[in-house]
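No experiment lies behind these values; they were computed from the predicted model shown.
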Amino acid sequence: MKSYKQTWSSFDHQMMAQALRLAEQGQYTARPNPMVGCVIVKDGHIIGQGFHRKAGEEHAEINALAEAGDNAKGATCYVTLEPCAHVGRTGACADALVKAGVAKVIAAINDPNPLVAGKGFEKLETAGIETSAGLLSAQALELNQGFIKKFEQGLPKVSLKLAMSLDGRTALANGESKWITGPQARNDVQKLRARQDAIITGIGTQMADNPSMTCRAEDASQWFNEQYKFEQPRRILLDSKARAVLTDKFFQQHPNDTNSDSVWWMTEQRETALSSMAADYEHIKLLDKCSLSQLLKSCADSGFNQVLVEAGHQLSGAFIEEGLVDEIIVYVAPKLMGNNAMGLLALNVESMKNCPPLKLIDVRQLGDDLRLTYIPLSLN
């Protein structure tokens, strides 16, 4: 893929930063498409800006061009991702920029999608438009980490969500776990869920808590734009012995869920599962038992950019032990639950040098709770 290097001005940085802020506004609704923002500038002034709101609707560049109108001729376009060069549910953005007569396109990063992957820049350059890329690339890569990983590694971004007391416990010895954290932290989890393409859990959690694992938008009306309702994440249950009860909340189709396969049920007891699905359960996709890495590959093949693991200590520990986690989000409550309570993770660590190392990248206070975000580091 062609790379571009250039010395950027402070004004260039300001405009791309604005494009990135715009892109982030699509975090709940753009998936499975990438989040993209665009700013069009002429004579030092913004004449058009936009972002990709929802899959199937106009891309960021088109929305920005609509605002700029005929004034876009000779302008500079700042966009967080290489303009697309193919026709899908919408037209090619590169063609629209050529037609509008912009003079220059500055992108933060190249598009890893093979349908684009340099072809957007090629179209622009063939039309005589000056192109460059790399401005605020680290921020743009972070914004669309899952989308990029899907194309480069064939896997989605995996976030592991954990909630614990100050002494690292997740449930009392009698199984009671509601609620470890307070309302602000639980509301934050709804935001986290809303950004996912799928949520993975295990049968232990399902049987113990009877969770729905949906995003309850009514709990988050202050941050969600009702005009662009997100699709509920798929819910994936790992249940090797088919012990799940299909009348539980997990299997109920959410009123706003338009996915025909809103629930994935993975089991090695296929016949048992099929017999329990005799009623109207067309929204359930039955999966044969496979490895965690194979499951994640199936997620990527289905177009998922990012998945969230919300599970008990056994399954959460397995994801970490297999090196499949990109991000660990821990909600810490100011409670002490004692040494008889359930631990956070099931990990087989025999020496300090083999403890999985983590890097703390973010700390937030949510009411009385803390949210700590870590990324796993290599032991090598």
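Taken from OG1 in T201 to CD1 in I236, the straight-line distance is 10.5 Å, to the nearest 0.5 Å. Rounding to the nearest 0.5 Å places OH of Y331 at 10.5 Å from CZ of R364. Separation of atoms OG (S165) and CG (L344) is listed at 9.0 Å; rounding is to 0.5 Å. Interatomic distance, CD of Q25 versus NE2 of H52, reported as 13.5 Å (0.5 Å rounding). Atoms OG and CD, from S262 and Q253 in turn, are 4.0 Å apart once rounded to the nearest 0.5 Å.
No hydrogens or angles considered: a donor-acceptor pair under 3.5 Å links the side chains of T131 and E125. Q184 and D369 form no side-chain donor-acceptor contact under 3.5 Å, judged by distance and modelled atom types alone. Side-chain atoms of D362 and Y374 include no donor-acceptor pair closer than 3.5 Å. R21 and Q18 share a donor-acceptor pair across their side chains, judged by distance under 3.5 Å alone. Side-chain contact annotation: S298 with D301, donor-acceptor N/O pair under 3.5 Å absent. Checked by atom type, the side-chain pair D261/H283 shows no donor-acceptor distance below 3.5 Å.
Taken together through direct or relayed side-chain contacts under 4.5 Å among Ile, Leu, Val, Met, Phe, Trp and Tyr, Y281 and M213 form part of one hydrophobic cluster. Cluster membership check: M266 does not share its hydrophobic cluster with M207, using side-chain heavy-atom separations under 4.5 Å among Ile, Leu, Val, Met, Phe, Trp and Tyr. Note on L336: it clusters hydrophobically with M164, by side-chain heavy-atom contacts below 4.5 Å among ILVMFWY residues. Side-chain heavy atoms closer than 4.5 Å link hydrophobic residues (I, L, V, M, F, W, Y) into clusters, and following such links, possibly through other members, connects L347 to L324. Hydrophobic clustering places L315 together with L287 (ILVMFWY residues linked when any side-chain heavy atoms are closer than 4.5 Å, directly or through intermediates).
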>> For H13 and L136: C-alpha separation, side-chain torsions, deciding distance, then whether side-chain contact (heavy atoms from CB on, under 4.5 Å) applies.
In response: CA-CA 7 Å; H13 280 83; L136 298 186; 3.6 Å; yes
> Please walk me through it: do L274 and L286 pass side-chain contact (heavy atoms from CB on, under 4.5 Å)?
Replying inline: CA-CA 8 Å; L274 285 170; L286 202 58; 3.8 Å; yes
>> Pair L246, I284 - check side-chain contact (heavy atoms from CB on, under 4.5 Å), show working.
In response: CA-CA 10 Å; L246 269 66; I284 298 177; 3.9 Å; yes
> Given L162 and T170, is the side-chain contact (heavy atoms from CB on, under 4.5 Å) satisfied, shown in steps?
Replying inline: CA-CA 8 Å; L162 302 167; T170 61; over 6 Å; no
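At distances below 3.5 Å, not a single donor-acceptor pair connects side-chain atoms of D248 with backbone N or O atoms of F250. Judged by distance alone, the side chain of E67 and the main-chain N or O of N63 form no donor-acceptor pair under 3.5 Å. A donor-acceptor distance shorter than 3.5 angstrom exists from the side chain of D239 to the backbone of A242, with no hydrogens or angles considered. Between the K119 side chain and the P114 main chain, a donor and an acceptor come within less than 3.5 Å of each other. When atom types are taken as modelled, the side chain of Q306 and the backbone of L308 share no donor-acceptor pair closer than 3.5 angstrom.
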Atom pairs and distances, donor-acceptor, side-chain atoms in residues 148-157, under 3.5 Å, two or more places apart:
{"residue": "K149", "atom": "NZ", "partner": "P156", "partner atom": "O", "Å": "3.1"}
{"residue": "K149", "atom": "NZ", "partner": "D326", "partner atom": "OD1", "Å": "3.1"}
{"residue": "K149", "atom": "NZ", "partner": "D326", "partner atom": "OD2", "Å": "2.7"}
{"residue": "K150", "atom": "NZ", "partner": "G303", "partner atom": "O", "Å": "3.3"}
{"residue": "K150", "atom": "NZ", "partner": "N305", "partner atom": "OD1", "Å": "2.8"}

Please tabulate, one pair per line, all N/O donor-acceptor pairs under 3.5 Å involving side-chain atoms of residues 69-80, not counting sequence neighbours.
{"residue": "N71", "atom": "OD1", "partner": "K42", "partner atom": "NZ", "Å": "3.4"}
{"residue": "Y78", "atom": "OH", "partner": "D12", "partner atom": "OD1", "Å": "2.6"}
{"residue": "T80", "atom": "OG1", "partner": "G37", "partner atom": "N", "Å": "3.1"}

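For residues 284-318, the set of pairs meeting the ring-ring contact (aromatic ring centres under 6.0 Å, His included) definition, not counting sequence neighbours, comprises W264-F304.
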